[in-house]
Engineer: 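Just passing along the structure, written as structure tokens.
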Amino acid sequence: MKNKRKFNVLDVFIILFVVCLISFLAVRFTSIDKFKAGEGDIAEYEILVRDIKAVTAEAIPENGEIYDDTGVHLGTIMGKEMRNAEILLQTEDGTYDIVENDNKYDVTVKVTVSGVQKTEGFFFEGKKSYGVGSGIFVEAGNISFQGKVSKMDIIKK
Amino acid sequence: MSENKKRFNLIDLLIIVVIIGVVFVAWQYLSAGNKVAEGTVTYKINILKTEQNVADEIQVGDKIFDSVKNFEIGEVKEIVVTDATESVYDEVNNVFKTVTVPERIDILITVEGNGKTDESGTVVNGYELTVGKKMYIKGSNFATEAIAWEIGGGK
């Protein structure tokens with residue numbers, strides 16, 4: 001009884017698939033700079049969190065490490081500033097006024113992080129970029145909040 | 001004598017379809033940003049109702065990137081900053097009117113990139129551009145959403 005396996009079209013497709021997958025992974029991951037925490041450039045940046053309740057504003061820590069929702073290290077909190085929330089209020093005639101709401105708060109969180117500065121932006125952990133205007137989701141211990149990067153100064157090494 | 005012929009069945013077909021799908025998606029993903037330039041395309045993008053701190057980070061000569069796929073889509077040639085406006089309903093006078101939004105600005109940026117415009121549309125460095133398209137852009141120190149505002153001026 002002969003049991004010769006023939007190389008068929010399915011084998012060709014599987015080989016092609018594996019080759020493509022390996023190529024894709026190689027391109028995807030070799031394009032990222034190798035990065036070690038504590039090395040690279042430094043970004044001192046601020047996250048502005050608007051119009052939040054006092055309980056949330058007070059729960060944002062004044063120090064400690066923060067991460068985004070994918071686990072990327074966003075840096076170390078160096079301090080925070082709390083003030084009454086400024087909101088855009090539309091009046092009956094359609095125009096806008098800026099008013100202070102003393103029941104809500106705007107919080108500026110100051111953060112320092114190391115990363116890699118490129119033409120395409122500042123890459124946290126060498127792999128994810130945020131810049132002024134970026135929306136950012138932050139996990140800080142027992143609290144998570146959303147804000148926007150409002151300022152970023154890069155200190156290149 | 002028993003024959004051991006393998007027959008092409010439904011599972012094989014499904015595997016092939018999945019493989020073709022994965023290869024196609026990977027090819028699409030990797031080919032964007034690597035297309036051969038065929039000329040230059042000038043277009044405008046508008047960052048609406050943003051804040052001054054974003055404008056401060058954009059300079060003429062900066063490279064602009066697609067922040068999703070991380071490839072260049074042109075260079076900033078001109079920046080025009082204006083007060084942000086909005087069409088609102090005036091309940092008092094029962095009319096719609098345009099009002100200025102305080103502390104918000106629109107940033108109209110003229111960008112020049114490698115690409116082409118023809119009857120099938122505009123492609124800049126592999127990035128398909130259509131007027132009204134929501135874009136996720138970034139530069140060396142900013143990242144934001146923008147709208148493709150105007151396309152023209154290709155060579």
Side-chain angles (χ1 to χ4, degrees), chain A residues 1-6 8-21 23-28 31-32 43 45-46 48 86-99 117-123 127-136 148-154, chain B residues 1-6 8 11-13 15-16 18-20 22-23 25-27 29-30 47 49-51 53-58 62-67 70-72 84 86-93 95-104 136-145:
Chain A
M1 188 174 79
K2 280 191 177 178
N3 193 10
K4 249 189 183 175
R5 272 196 68 127
K6 276 193 167 178
N8 62 25
V9 70
L10 190 58
D11 297 330
V12 175
F13 272 110
I14 289 172
I15 290 168
L16 273 177
F17 176 69
V18 171
V19 169
C20 286
L21 194 65
S23 309
F24 175 76
L25 293 174
V27 170
R28 187 81 182 88
S31 61
I32 295 165
Y45 69 102
E46 293 179 0
L48 177 58
E86 278 189 346
I87 56 168
L88 281 175
L89 192 70
Q90 200 167 18
T91 59
E92 275 189 350
D93 69 354
T95 55
Y96 284 100
D97 281 338
I98 294 180
V99 293
Q117 174 68 41
K118 297 191 206 174
T119 325
E120 300 97 314
F122 184 84
F123 286 76
K127 57 186 174 188
K128 193 166 182 180
S129 69
Y130 291 100
V132 173
S134 292
I136 194 164
K148 257 190 177 180
V149 177
S150 58
K151 185 181 173 190
M152 186 178 263
D153 295 319
I154 309 295
Chain B
M1 193 174 82
S2 70
E3 291 224 4
N4 194 9
K5 251 189 181 173
K6 277 195 85 168
F8 198 73
I11 302 291
D12 295 337
L13 186 67
I15 291 171
I16 289 169
V18 169
I19 289 171
I20 290 172
V22 170
V23 170
V25 169
W27 177 74
Y29 187 88
L30 292 174
I47 306 171
K49 282 188 207 159
T50 189
E51 291 169 78
N53 55 0
V54 176
D56 293 342
E57 300 295 338
I58 307 171
D62 283 357
K63 303 283 185 195
I64 300 285
F65 298 85
D66 170 80
S67 57
N70 215 30
F71 62 86
E72 189 188 322
E86 190 177 293
S87 177
V88 296
Y89 179 60
D90 177 350
E91 287 178 32
V92 178
N93 300 302
V95 289
F96 279 94
K97 64 183 183 184
T98 301
V99 298
T100 302
V101 184
E103 294 189 6
R104 298 291 184 275
Y136 297 92
I137 61 164
K138 65 177 182 177
S140 62
N141 209 20
F142 75 94
T144 187
E145 289 175 9

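In the text below, chain A, chain B and the rest are named by the order of the sequence lines, each starting its count at 1.
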Engineer: Measure from the side-chain N and O atoms of B/N141 to the backbone N and O of A/M152, and report whether any donor-acceptor pair falls under 3.5 Å.
Structural biologist: yes
Engineer: Within this structure, what is the CD-CG distance for the pair A/E92 and B/N93, rounded to the nearest 0.5 Å?
Structural biologist: 11.0 Å
Engineer: Please examine the side chains of A/V132 and B/E51, heavy atoms only from C-beta on, and report whether any two atoms are closer than 4.5 Å.
Structural biologist: no
Engineer: Nearest 0.5 Å please: distance from the CD atom of B/E72 over to the CD atom of A/E120.
Structural biologist: 8.5 Å
Engineer: Go through B/K63, B/E145, B/K97 and name the one with the most non-hydrogen pairs under 4.5 angstrom from chain A.
Structural biologist: B/K97
Engineer: Given that the side chain runs from C-beta out, which part of B/I20 has a heavy atom under 4.5 Å from chain A: side chain, backbone, both or neither?
Structural biologist: side chain
Engineer: Will you find, in the side chains of A/K118 and B/S140, an N or O donor that is under 3.5 Å from an N or O acceptor?
Structural biologist: no
Engineer: Top residue by heavy-atom pair count (under 4.5 Å) with chain A, among B/F142, B/Y136, B/F65?
Structural biologist: B/F65
Engineer: A/L21 versus chain B, heavy atoms under 4.5 Å apart: side chain, backbone, both or neither?
Structural biologist: neither
Engineer: What are the two closest heavy atoms between B/P102 and A/I98, and how far apart are they?
Structural biologist: CB-CD1, 3.7 Å
Engineer: Compare all side-chain heavy atoms of A/Y96 with those of B/R104 and state whether any distance is below 4.5 angstrom.
Structural biologist: no
Engineer: Counting only non-hydrogen atoms closer than 4.5 Å, does B/T100 touch chain A with its backbone (N, CA, C, O), its side chain (CB onward), both, or neither?
Structural biologist: backbone
Engineer: How long is the gap from CD on A/Q90 to CD on B/E86, to the nearest 0.5 Å?
Structural biologist: 6.0 Å
Engineer: B/N53 side chain to A/K151 main-chain N or O, any donor-acceptor pair under 3.5 Å?
Structural biologist: no
Engineer: Side chains of B/Y89 and A/D93: closer than 4.5 Å at any heavy-atom pair?
Structural biologist: no
Engineer: Given side-chain contact (heavy atoms from CB on, under 4.5 Å), test B/V101 with A/L88 step by step and report yes or no.
Structural biologist: CA-CA 8 Å; B/V101 184; A/L88 281 175; 3.7 Å; yes
Engineer: Measure distances from B/V99 to the heavy atoms of chain A and classify the residue's part below 4.5 Å as side chain, backbone, both or neither.
Structural biologist: side chain
